[in-house]
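These numbers were taken from a predicted model, which means no experiment stands behind them. The basis for the numbers below is simple: all heavy atoms, side chains too, and nothing from hydrogens, waters or symmetry mates. Below, chain A is the first sequence line, B the second, and so on; all start at residue 1.
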Amino acid sequence: MIQLSYLDYIAVEGKRFLHRFSPTLKIIGMVLVLLGIVTLRSLPGLLLLYGTLVALFFITRIPIKIFSLTFYPLIFAVLFIFISGFQIHFLLLIFLKVLCGSTGVVLLLATTPYPMIFSVLGRILPDSFVTALFLTYRSVFILLNILEETQHALYLRGGFQWRHPWRSLINISNAFGHLMIKGIDASEKMYESMLLRGFKNKIFYRGK
Amino acid sequence: MSHIHLPDGVLPVWLWVPGFIAAMLVAAVLFRFTKKEALSRRFPLLGMMAAAMVLGASVEVVPIAYHVNLTVISGILLGPSLIFLATFVVNVILALFGHGGITVIGLNTLILSIEGVFGYFLFHLFWQVSKRLILTTFIATFLALVFSTFAMIGVVSLGTSHYEELIHHEGEGIFEFHLLKDKGPHHEEETKKTEIHLGRFIAIVLPLGFIGWILEGVITALITRYIHRLRPDLLHLEKESQ
């Protein structure tokens with residue numbers, strides 16, 4: 001999750017050709033990738049799509065550390081392979097579909113700041129929903145700051161130790177509880193300042 | 001715990017498209033019938049709880065892909081209508097953050113919101129009966145997770161015919177590529193041998209799920225205890241106690 005702020009930083013500060021593309025175009029590109037994932041059922045076709053996405057990833061010179069994020073959904077796909085009775089073709093098909101989807105999304109996010117994506121989505125989705133997306137995005141960063149402080153406190157109280165599972169569970173739960181209470185307090189302050197700035201159920205984003 | 005962690009393109013279109021439509025319809029109805037003033041006042045709280053759920057879902061226990069959802073505690077704090085909207089937002093953000101499954105956002109929202117909505121009602125129901133906070137929260141969370149996991153298994157099993165199609169009809173699709181594939185006479189024999197092992201999937205999901213239900217139940221109960229100590233007003237239990 002800490003990578004979220006790094007991803008956001010790369011998207012905002014990046015100066016490669018994909019960063020300069022319009023967010024609408026990139027979202028249309030992502031929809032086409034999804035269409036490919038849904039319709040393609042042959043390994044060479046999916047390999048071609050994946051190869052194109054990986055090539056774009058490296059041409060754009062997105063840090064290699066971000067590339068590891070694209071493998072993350074494979075953890076979930078592993079569980080699903082039991083359905084097929086370990087059919088190699090099916091496994092490769094699933095893994096390639098997973099990798100195409102995650103590489104496409106990470107490529108989009110590493111070249112387009114979240115608020116820009118939300119503002120494009122705002123043209124087709126209800127205002128209230130987009131406002132909720134914006135506020136959640138903002139809140140993630142607020143909570144990450146609180147989490148950082150909480151981690152220090154948690155570490156001083158013993159943190160997580162496999163030898164003491166019950167105490168560890170209590171520590172983790174207290175940390176989440178603390179995170180929530182602090183977050184709720186912060187949300188109340190956020191609402192007051194939003195009201196002062198004339199918030200009326202809609203957030204306007206002025207892009208670059 | 002009960003996300004459908006499936007990649008795009010695995011579930012059939014006739015399953016995920018109605019899932020999307022159903023989730024959109026429920027969200028539209030909830031937006032329509034929730035008072036605008038109340039919604040506007042609770043927007044920051046919705047955002048904050050959704051963010052907490054995103055954070056919880058990002059802390060993964062590898063290799064079994066466990067993470068806490070925090071949906072039940074969020075449901076208790078937000079109420080049944082706002083938790084649906086919060087889960088919708090969480091699923092969109094998680095899909096955008098690389099969890100995958102953009103096409104299953106609708107289905108995931110429906111399944112995950114079962115946890116939040118059932119959790120909320122079960123928590124208040126059991127509280128009226130027992131008045132023991134930790135026990136009430138644990139049972140409510142455990143049962144809510146059981147319901148949503150079975151809902152997930154139900155959705156996955158609905159797509160059985162489609163998985164068979166994916167396994168048996170290699171290379172067929174809207175775009176066909178035959179660069180590597182050479183269908184020989186053995187193909188039909190192989191096709192007969194392959195079958196969908198849904199029972200095996202369930203046999204793996206349920207025991208793993210059981211551990212997850214207990215873990216999430218304990219964590220949610222302890223979080224509720226912590227909140228009750230510091231901010232009991234957030235749980236809205238006073239009226240029911242009187």
Side-chain angles (χ1 to χ4, degrees), chain A residues 1 4 34 37-45 69-70 72-73 75-77 79-80 82-85 87 89-90 93-94 97-98 101-102 105-106 109 117 126 128-129 131-133 135-136 138-140 143 147 169-170 172-174 176-177 179-181 183-184 186-188 190-191 194 201, chain B residues 5-10 13 27 31 36 39-41 43-48 50-52 54-55 58 60 62 65 70 85 89 92-93 96-100 102-103 163 166-167 170-177 179-180 194-198 200-201 204 218-219 222-223 226-227 230-231 234:
Chain A
M1 179 45 65
L4 180 62
L34 278 180
I37 295 167
V38 171
T39 53
L40 285 173
R41 290 182 189 182
S42 66
L43 291 180
L69 269 181
T70 65
Y72 181 66
I75 304 171
F76 311 128
L79 194 65
F80 188 68
F82 291 100
I83 283 185
S84 74
Q87 293 286 316
H89 175 266
F90 188 74
L93 201 74
I94 298 290
K97 278 173 186 270
V98 170
S102 57
V105 167
V106 171
L109 287 184
I117 297 172
S128 317
F129 187 73
T131 304
L133 279 173
L135 288 173
T136 306
R138 173 81 189 106
S139 305
V140 165
L143 285 187
L147 186 68
L169 268 179
I170 290 176
I172 288 170
S173 308
N174 286 351
F176 271 120
L179 199 70
M180 283 184 172
I181 287 177
I184 290 165
S187 77
E188 283 164 2
M190 199 203 296
Y191 179 64
M194 278 160 60
N201 277 346
Chain B
H5 285 307
L6 291 181
D8 296 297
V10 174
V13 177
F31 268 123
K36 280 207 168 174
L39 191 65
S40 153
R41 195 162 32 85
F43 252 142
L45 178 63
L46 186 152
M48 202 54 80
V54 170
L55 278 179
S58 307
E60 207 82 38
V62 179
L70 303 178
L85 302 174
V89 170
V92 170
I93 292 199
L96 284 177
F97 186 54
H99 264 225
I102 291 182
T103 51
Y163 313 140
L166 280 179
I167 294 171
E170 298 176 21
E172 285 182 20
I174 288 178
F175 304 105
E176 265 188 77
F177 291 82
L179 300 175
L180 303 175
T194 56
E195 54 182 25
I196 297 303
H197 299 268
L198 204 62
R200 199 181 288 173
F201 175 76
I204 285 169
V218 170
I219 289 174
L222 292 170
I223 292 174
Y226 185 86
I227 292 175
L230 294 175
R231 291 281 304 271
L234 292 172

If you compare all heavy atoms of [X] against all heavy atoms of [Y], which two are closest, and at what distance to 0.1 Å?
X         : Y         : value
Ile223(B) : Ser173(A) : CG1-O, 3.4 Å
Phe43(B)  : Ser128(A) : CZ-O, 3.3 Å
Pro44(B)  : Ser187(A) : CB-O, 3.3 Å
Ile181(A) : Leu230(B) : CD1-CB, 3.7 Å
Ser139(A) : Ala51(B)  : CB-CB, 3.5 Å

Is Leu133(A) in contact with chain B via its backbone, its side chain, both, or neither, using a 4.5 Å heavy-atom distance?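 Contact with chain B is through both the backbone and side chain of Leu133(A).
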Answer yes or no: is there a side-chain heavy-atom contact under 4.5 Å between Leu46(B) and Leu135(A)?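 The answer is no, as the side chains (C-beta and beyond) never meet within the 4.5 Å cut-off.
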Who among Ala186(A), Pro126(A), Ala132(A) has the most heavy-atom pairs with chain B under 4.5 Å?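 Between Ala186(A), Pro126(A), Ala132(A), the count favours Ala132(A).
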Roughly how far apart are [X] [atom1] and [Y] [atom2], rounded to 0.5 Å?
X         : Y         : atom1 : atom2 : answer
Met48(B)  : Leu143(A) : CE    : CG    : 5.5 Å
Thr136(A) : Ile93(B)  : OG1   : CD1   : 5.0 Å
Leu70(B)  : Met180(A) : CG    : CE    : 4.5 Å
Leu55(B)  : Leu147(A) : CG    : CG    : 6.0 Å
Asn174(A) : Ile227(B) : CG    : CD1   : 10.5 Å

Chain A contact via Val92(B) - which portion, at a heavy-atom distance below 4.5 Å: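 Side chain of Val92(B) only, per the 4.5 Å heavy-atom cut-off to chain A.
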Under 4.5 Å from a heavy atom of chain A, the part of Ile102(B) involved: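 Answer is side chain: those atoms of Ile102(B) sit under 4.5 Å from chain A.
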